[in-house]
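This report refers to the structure that appears directly beneath it.
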Amino acid sequence: MRILVSIGFALLLASPSFAAVEYQFRQTTRSDQATVPSVPVTGRAVLDGENTRVDYLSGSSFEAGTYLIARRDQGKLLIVNPKDKTYSVTDLTAVATSIGNRGIRIQNLKTKLTKMDGRPIVAGLPTDHHRLEASYEMTVQFGELALTQNIQTVVEKWTTEAFGDAGQSALTEGPLRTGNEEIDRLIEAETSKVSGLPLRQVVTITTTPANVRTTSQLKMNGRRRHISEMIVTSIQARDIEQSYFEVPSGFTRVQEIKSGVQEHAVETLSMEPGN
């Protein structure tokens with residue numbers, strides 16, 4: 001997500017604190033059960049520590065031109081559609097609480113973090129390469145039915161600290177608490193073990209059905225593997241006006257689709273990223 005001119009790079013390393021970081025990124029996903037290839041997502045993100053804005057340029061996550069705004073002091077996510085001049089507001093705390101109340105149980109969580117050799121160059125910057133491996137058993141209760149999966153997650157991260165605190169996102173800094181201790185421990189394990197701004201990340205999730213012992217048993221489909229990769233293609237430090245993180249005047253607020261937001265949040269929780 002970043003590109004650097006040689007002179008600018010030297011200046012950035014000399015001054016580790018910036019007003020904001022702007023980068024372009026590309027994200028792809030693939031699954032061994034997908035019948036149709038997913039469409040790569042491209043976008044532009046701006047992080048200033050307190051605020052985050054992500055503009056979607058192409059792909060299937062959101063309509064091109066749509067952008068998201070998150071402000072840490074508000075705990076809300078705004079989805080803005082310039083084409084229709086509308087926006088919706090999602091209360092992230094309420095979404096997290098909803099997930100915590102879904103009857104999800106995490107057991108036998110094991111994690112292993114490995115610092116890999118070398119400092120690979122990504123978008124012109126040397127990076128620290130870490131591999132985080134996590135395995136656990138996740139059970140979701142639906143009345144008397146319990147769906148249980150064994151989940152193995154491998155997260156490869158290539159990060160840089162060249163931009164100091166500007167690389168901290170309002171979307172990721174201080175993960176929201178769901179109120180479910182097991183879920184919160186899993187989220188913390190997957191988000192807080194590696195510092196720095198990711199320039200590349202590859203997440204591989206493998207799920208297999210587990211034996212379920214309840215009054216009613218429901219057998220799940222077989223083994224699945226899902227791979228998501230994000231890479232920064234260009235990056236720069238810049239000054240950003242506060243108005244960049246505000247909804248333009250004259251835009252109409254519409255009701256958000258809560259189920260869709262929550263489903264995406266559950267995908268993030270289970271480390272099964274959607275496209």
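Bear in mind that the values here come from a model prediction, so they are computed numbers and not experimental data.
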Pair T42-Q24, side chain to side chain donor-acceptor pair (under 3.5 Å): steps then yes or no: CA-CA 7 Å; T42 63; Q24 306 276 336; over 6 Å; no
Atom pair OG1 (T208) and CD (E137), whose distance is rounded to the nearest 0.5 Å: 9.5 Å
Single-linkage hydrophobic cluster, 4.5 Å side-chain cutoff, M230 and V154 together: no
Heavy-atom pair with the smallest gap, counting every atom of G196 and E161: N-OE2, 3.9 Å
Side-chain donor or acceptor of T127 paired with backbone N/O of P120 under 3.5 Å: yes
I183 CD1 to I106 CD1 distance, which is reported to the nearest 0.5 Å: 6.0 Å
Residues that T66 engages under side chain to side chain donor-acceptor pair (under 3.5 Å), provided they are two or more places apart: none
Which atom of V46 lies closest to which atom of A20, heavy atoms considered: CG1-CB, 4.3 Å
Beyond-backbone contact of R253 with V89, side-chain heavy atoms, under 4.5 angstrom: yes
More than 12 heavy atoms from other groups under 6.0 Å of CZ on R119: yes
CH2-CG distance between W158 and D128, expressed to the nearest 0.5 angstrom: 12.5 Å
same_hphob_cluster(I231, V202) at 4.5 Å side-chain heavy-atom cutoff: yes
Parallel, tilted or perpendicular: rings of F25 and Y56 (30°, 60°): perpendicular
Side chain to side chain contact (heavy atoms under 4.5 Å, CB included) between V203 and T153, intermediate numbers included: CA-CA 7 Å; V203 180; T153 301; 4.2 Å; yes
Trace of the side chain to side chain contact (heavy atoms under 4.5 Å, CB included) decision for L197 with L47: CA-CA 10 Å; L197 181 64; L47 317 176; 3.8 Å; yes
Atom pair OG1/CD of T206 and Q152 - distance to nearest 0.5 Å: 6.0 Å
Considering all heavy atoms, the nearest T29-S228 contact: CG2-OG, 3.6 Å
Stepwise side chain to side chain contact (heavy atoms under 4.5 Å, CB included) test for T207 and H226: CA-CA 9 Å; T207 61; H226 191 107; over 6 Å; no
Side-chain donor/acceptor pairs under 3.5 Å, residues 77-84, sequence neighbours excluded:
{"residue": "N81", "atom": "OD1", "partner": "K83", "partner atom": "N", "Å": "3.0"}
{"residue": "N81", "atom": "OD1", "partner": "D84", "partner atom": "N", "Å": "3.2"}
{"residue": "N81", "atom": "ND2", "partner": "D84", "partner atom": "OD2", "Å": "3.3"}
{"residue": "K83", "atom": "NZ", "partner": "E63", "partner atom": "OE2", "Å": "3.4"}

Atom pair CG (D91) and NZ (K76), whose distance is rounded to the nearest 0.5 Å: 4.0 Å
CD (Q242) with more than 12 external heavy atoms under 6.0 Å: yes
Atom of Y67, atom of P248 and distance for their closest heavy-atom approach: OH-CD, 3.4 Å
Minimum-distance pair of heavy atoms, taken over all atoms of Y244 and R44: OH-NE, 3.9 Å
Side-chain atoms of residues 107-118: list all donor-acceptor pairs with protein atoms under 3.5 Å, sequence neighbours left out, distances to 0.1 Å.
none

Check: F245 and I240 side chains under 4.5 Å, non-hydrogen atoms: yes
Residue among H130, Q201, H129 satisfying side chain to side chain contact (heavy atoms under 4.5 Å, CB included) with E156: H129
Nearest-0.5 Å distance that lies between atom CZ in R200 and atom CG in L125: 15.0 Å
Single-linkage hydrophobic cluster, 4.5 Å side-chain cutoff, V41 and L57 together: no
Nearest atoms (heavy-atom pairs only) where G59 meets V39: CA-CG1, 3.9 Å
